Amino acid sequence: VNIWGRGNSIIVVDGIPRPTNYEFYLREVETVTVLKDALTRSLYGAQGDQGVIMVQTKRGRAYKREMDVQLELGVLNPVSDAYPKYMNAGDYMETYNTIAPNTYSAQKIEDTRNGVNPYLNPDNDFYSKQFLKSQSNYLNLFADASGGNNQGQYYVNLGWQHSNGWMNMSDQDTRDKFNFRGNIDYKLAENFKMRLDAGALFTLSKGPNVPDYWSQASTILPNSYPLSWDPNLITDPIERAQILRSAQLVDGMLLGGSKSFPRNLYGDFQKNGDRAITQRNLQVNLGAEWNLKFLLPGLKASGNFSVDTYNTVVKSQTSKYAVYNPIPSVSATGDEIISAEVIGENVFASNFAILSSEMVFQRKLGMFGNLTYDKKFGKTDVSLMAVAYGDKLAYTSAKQDIVNQTFGFNGNIMHNKKFLIDFSYAVLGSQKLAKEDRYGLNTSIGLGWILSEENFMANSKVFDFLKLRTTYGILNTD
C-alpha cells in the first residue's frame with residue numbers, strides 16, 4: 001500500500017507489523033487507521049518511514065452471539081474503453097512511412113486494409129473479442145460467527161471467492177480464494193488474559209500458459225505475423241505433405257510466425273499448455289496481557305509472538321510448438337508459389353512441472369512487548385508506554401535474513417481535555433546496514449489544542465470536533 005507515492009507503508013494488524021502480501025476482506029476488518037506524522041510512526045522503526053496503516057480485525061463480544069452468511073453473484077464489466085485501442089496494421093504502416101519513407105508500398109497497405117492475402121498481409125488485434133471477453137462473472141460466499149461470555153470470546157470468518165478471468169480462448173482461466181480468520185480471547189485469571197489470532201488465505205489460479213500475455217499484446221505489432229494460415233496454400237504438394245506429417249494444426253490451420261517471432265500469441269493459447277499457481281498465506285499471533293494493578297494502579301504488561309509464512313508454487317505444462325512462415329516467390333515460368341519455413345518443433349507435454357525459478361517462500365518471526373501506564377491526576381490524564389519489538393524475515397532470494405529491532409518510549413499528557421503534549425523516543429536497529437551504523441535514534445514531539453472544548457466554540461453548528469495539532473520529529477530509515 002502506497003500512501004505518499006514513495007514506497008510501501010507498513011501494515012500493523014491487531015498491533016503486530018505484518019508483511020504486505022496478505023489480502024484482507026472487509027468483512028473481517030473492524031477499523032482502519034492511517035498514521036502519517038512523525039510522532040505516531042516513530043515507534044515502528046525504519047519500517048514506518050513511509051507511513052503506517054493500522055488494521056483492527058473483528059473480535060467477539062461477551063453475551064452477544066451473531067452469525068451472518070452472505071452469497072453474492074455478479075458480472076464484471078471493464079471500465080468503458082479500458083482495453084487499449086492500438087493502430088491497425090494499415091494505419092501503422094502508413095504512419096511508419098512518415099518516419100522511414102517507402103518502407104511499405106502503397107499496394108501492401110491497401111491489400112492489408114482490404115484483407116487481401118491475410119497470410120502475407122496480417123492485421124492482428126490482440127485486444128479483440130477473439131482474445132478477450134467483454135465481461136466476466138464471479139461468486140462470493142462468506143460466513144461470520146462471533147460470541148462468548150465473560151470468560152472467553154470468539155470470532156470466526158470463512159470465505160470463498162470464485163472468479164473467471166478475461167481470456168476468451170481458455171476454459172481454464174479461473175481463480176479461487178479460500179480465507180479463514182479466527183480470533184479467540186480468554187481470561188485465565190482475574191488479571192491475566194490470553195489471545196490467539198490466526199488468518200489463512202489459500203489461492204488457486206488456473207489458466208493458459210501465457211503469463212506475459214498483457215505485455216506481449218501491447219508490444220507486438222499488428223503486422224508481425226499471421227495468427228494462422230491454410231496449409232493448402234503451399235504450392236508444392238510434396239513439401240505440403242512433409243509439413244503436414246509433423247504439424248500440429250489448429251482448426252486445420254498452420255500457426256504463423258518467423259525467425260523474428262518464433263512465438264505466436266494465438267499459438268500460446270492453443271498449444272502451450274496450462275499453468276497453475278498455488279499461493280498459501282498464514283498469520284498466527286499468540287498474545288498475553290497482565291494487569292499489574294497490584295503493583296501500581298494503571299500498570300499493564302503485554303506481549304505477542306507472531307509467525308507469518310507465505311509461499312507460491314507455479315506449475316506449468318512445458319509444451320513446444322512450431323510456427324510456419326509463408327514465403328512467396330515466383331517460379332521460372334512466372335507463376336506465384338508459396339513455400340513454408342518451419343521454425344521450432346512440436347513437443348507435447350501432458351504433465352505439469354514445478355517452475356523452481358518462480359517459487360517464492362517467506363517466513364517472518366516477530367516478538368513484541370510493551371509496558372503501559374494510564375493514570376488520571378485531577379484534570380490531567382497521563383498515558384505512558386515502553387515498547388520492545390523485533391522481527392526476522394527470511395525469503396527465497398535473500399542472501400541473509402532481514403532483522404529489525406525497536407526499543408522505544410512514548411508519552412501522552414492531556415490537561416483539562418483541551419491541551420495535549422505527545423513525545424516519543426526510540427532506538428532502532430537494522431541488519432541491512434554496516435555494524436557501526438545499525439542503530440539510530442528517532443525523537444519526536446507533538447502539541448495539540450482541542451478548540452471544540454473551548455467555551456467560544458460550545459455553540460458552533462459547523463464543528464463537532466476541531467483540533468489544532470503540530471508535530472516535529474526525526475525518523476531514521478534503512
Side-chain angles (χ1 to χ4, degrees), residues 83-97 99-100 102-132 167-170 208-236 239-240 242-244 246-273 318-330 336-348:
Y83 293 144
K85 294 183 176 10
Y86 291 103
M87 286 183 176
N88 58 41
D91 290 343
Y92 165 75
M93 290 187 288
E94 212 169 57
T95 303
Y96 193 87
N97 275 351
I99 303 171
N102 302 319
T103 301
Y104 300 102
S105 68
Q107 185 63 51
K108 185 171 183 62
I109 294 175
E110 184 180 354
D111 287 347
T112 301
R113 290 190 187 281
N114 295 329
V116 177
N117 296 334
Y119 59 96
L120 298 177
N121 303 301
D123 186 5
N124 301 321
D125 180 3
F126 297 110
Y127 288 92
S128 66
K129 292 182 179 179
Q130 181 182 8
F131 287 90
L132 298 175
M167 303 301 169
N168 206 21
M169 290 192 175
S170 174
N209 193 17
V210 196
D212 59 347
Y213 169 79
W214 299 103
S215 61
Q216 289 289 315
S218 60
T219 54
I220 300 175
L221 298 176
N223 62 337
S224 295
Y225 54 81
L227 297 181
S228 61
W229 57 285
D230 190 348
N232 292 315
L233 294 171
I234 300 174
T235 311
D236 186 349
E239 180 188 8
R240 186 193 315 130
Q242 183 179 2
I243 287 177
L244 289 176
S246 59
Q248 291 187 5
L249 302 179
V250 178
D251 296 330
M253 308 286 275
L254 296 170
L255 294 171
S258 66
K259 288 182 178 179
S260 299
F261 295 95
R263 278 183 61 188
N264 181 312
L265 205 51
Y266 174 68
D268 284 352
F269 282 98
Q270 304 296 331
K271 296 296 182 182
N272 212 32
T318 54
S319 298
K320 299 179 181 179
Y321 61 89
V323 295
Y324 303 85
N325 184 19
I327 301 176
S329 60
V330 179
E336 184 181 47
I337 60 175
I338 299 292
S339 59
E341 179 187 21
V342 183
I343 298 100
E345 59 180 341
N346 293 305
V347 178
F348 176 72

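Since the structure is predicted, the reported quantities are computational estimates derived from the model, not experimental observations. Residue numbers run from 1 in the order of the sequence given.
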Exercise: identify the closest heavy-atom pair between [X] and [Y]:
X: Tyr266; Y: Met169; answer: CD1-CE, 3.2 Å
X: Ile338; Y: Pro326; answer: CG2-CB, 4.4 Å
X: Ser319; Y: Lys271; answer: CB-O, 3.4 Å
X: Pro231; Y: Met253; answer: CD-CA, 4.1 Å
X: Tyr119; Y: Pro226; answer: O-CG, 3.5 Å
X: Ser224; Y: Leu221; answer: OG-O, 3.0 Å

Is [Y] close to [X] at the side-chain level, that is, under 4.5 Å between some pair of heavy atoms?
X: Pro328; Y: Leu120; result: yes
X: Asn117; Y: Trp229; result: no
X: Val250; Y: Ser228; result: no
X: Pro222; Y: Asn88; result: no
X: Trp214; Y: Tyr127; result: yes

Whether over 12 other heavy atoms sit under 6.0 Å from Gln242 CD: no
Between [atom1] of [X] and [atom2] of [Y], what distance do you get to the nearest 0.5 Å?
X: Arg113; Y: Glu94; atom1: CZ; atom2: CD; value: 4.5 Å
X: Leu132; Y: Tyr83; atom1: CG; atom2: OH; value: 4.5 Å
X: Asn97; Y: Asn102; atom1: CG; atom2: CG; value: 6.5 Å
X: Glu110; Y: Asn121; atom1: CD; atom2: CG; value: 11.0 Å
X: Leu227; Y: Leu254; atom1: CG; atom2: CG; value: 13.0 Å
X: Asn264; Y: Asn124; atom1: CG; atom2: CG; value: 8.0 Å

message: Looking at Glu341 and Ile327, would you say the former's side chain and the latter's main chain have a donor-acceptor pair under 3.5 Å?
response: no
For Ala322, does its backbone N or O pair with a side-chain atom of Asn346 as donor and acceptor, under 3.5 Å? yes
| field | side chain to side chain contact (heavy atoms under 4.5 Å, CB included) assessment of Lys259 paired with Asn325 | value | CA-CA 8 Å; Lys259 288 182 178 179; Asn325 184 19; over 6 Å; no
Sequence neighbours excluded, the answer for salt bridge (charged side-chain N to carboxylate O under 4.0 Å, His left out) partners of Arg263 is Asp212, Asp268
Check your understanding: Do Phe126 and Tyr86 have their ring centres less than 6.0 Å from each other?
Key -> no
(message) Evaluate Thr318 against Val347 for side chain to side chain contact (heavy atoms under 4.5 Å, CB included), listing each step before the verdict.
(response) CA-CA 9 Å; Thr318 54; Val347 178; over 6 Å; no
Verdict with reasoning, Asn168 to Phe131, per side chain to side chain contact (heavy atoms under 4.5 Å, CB included): CA-CA 5 Å; Asn168 206 21; Phe131 287 90; 5.8 Å; no
**Trace of the side chain to side chain contact (heavy atoms under 4.5 Å, CB included) decision for Asn223 with Thr112** = CA-CA 9 Å; Asn223 62 337; Thr112 301; 5.8 Å; no
